[in-house]
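For reference, positions follow the sequence shown, starting with 1.
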Amino acid sequence: MWIWPAAIFAIESKTYGPVKNTDTTWSIANKIKRLYPGQGITTRKVIQALQRKNPRAFASGSPESLLAGYRLSIPSLSEIKSASASKPV
C-alpha cells in the first residue's frame, strides 16, 4: 500500500497539494479514487469532480492544464458519483 506524505495528501483536511510540476491530473485522481475502494467510481469521474471543485487550478479548463502550486480540494464520494459520465475529459 502506498502512503502519501501528509504535506502532499491530507485526507483529514480534504486537500491535495501543493500540486507539483510533475503531478498529473490522472495520477492525482487515481490516488483520490483509492480513498473510496469498492465504490465503482472511475478515474475520469474523479477528474471531472476535481475540475468542478477546483476550476481555477486548470489554466484552460482542460484536465491537461493543471497548474503547479495549487492546493486541490478533494471531492467527496457524492460529488464524484454525481460527475457526468457522458462529458468527455
**Side-chain ion pair, E79 and R52, N-O less than 4.0 Å** =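 So E79 does not pair with R52 through a salt bridge.
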
**Asked** Could you state the interatomic distance from OG1 (T43) to CD1 (I80), rounded to the nearest 0.5 Å?
**Response**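 T43 atom OG1 to I80 atom CD1 measures 10.0 Å (nearest 0.5 Å).
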
**Request:** Please determine, by modelled atom types, if S65 and S62 share a side-chain donor-acceptor pair under 3.5 angstrom.
**Result:**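 Side-chain D/A pair, S65 to S62: absent.
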
**S78 versus S76, side-chain donor and acceptor atoms under 3.5 Å** =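 Yes, side-chain donor-acceptor contact under 3.5 Å.
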
**Request:** Applying side chain to side chain contact (heavy atoms under 4.5 Å, CB included), run through L50 and Y16 and close with a yes or a no.
**Result:** CA-CA 11 Å; L50 267 174; Y16 176 94; over 6 Å; no

Nearest heavy-atom pair of [X] and [Y]: which atoms, and what distance?
X	Y	value
I32	P75	CD1-CD, 4.4 Å
L67	A59	CD2-CB, 3.7 Å
Q39	L77	OE1-CD2, 3.4 Å
L72	A57	CD2-CB, 3.5 Å
K53	I74	CE-O, 3.7 Å
N21	A68	OD1-CB, 3.0 Å

**Message:** When you measure from the side chain of K45 to the backbone of K81, do you find a donor-acceptor pair of N or O atoms at a distance under 3.5 Å?
**Reply:**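 The answer is yes, because a donor-acceptor pair under 3.5 Å joins these two groups.
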
**Prompt:** Would a distance-only check, ignoring hydrogens and angles, find a side-chain to backbone donor-acceptor pair under 3.5 Å from T15 to R71?
**Reply:**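 The answer is no, because no donor-acceptor pair under 3.5 Å joins these two groups.
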
Side-chain contact test, heavy atoms from C-beta onward, threshold under 4.5 Å: evaluate it for [X] versus [Y] and give yes or no.
X	Y	result
R44	W26	yes
V46	Y36	no
F58	T25	yes
N54	Y70	no

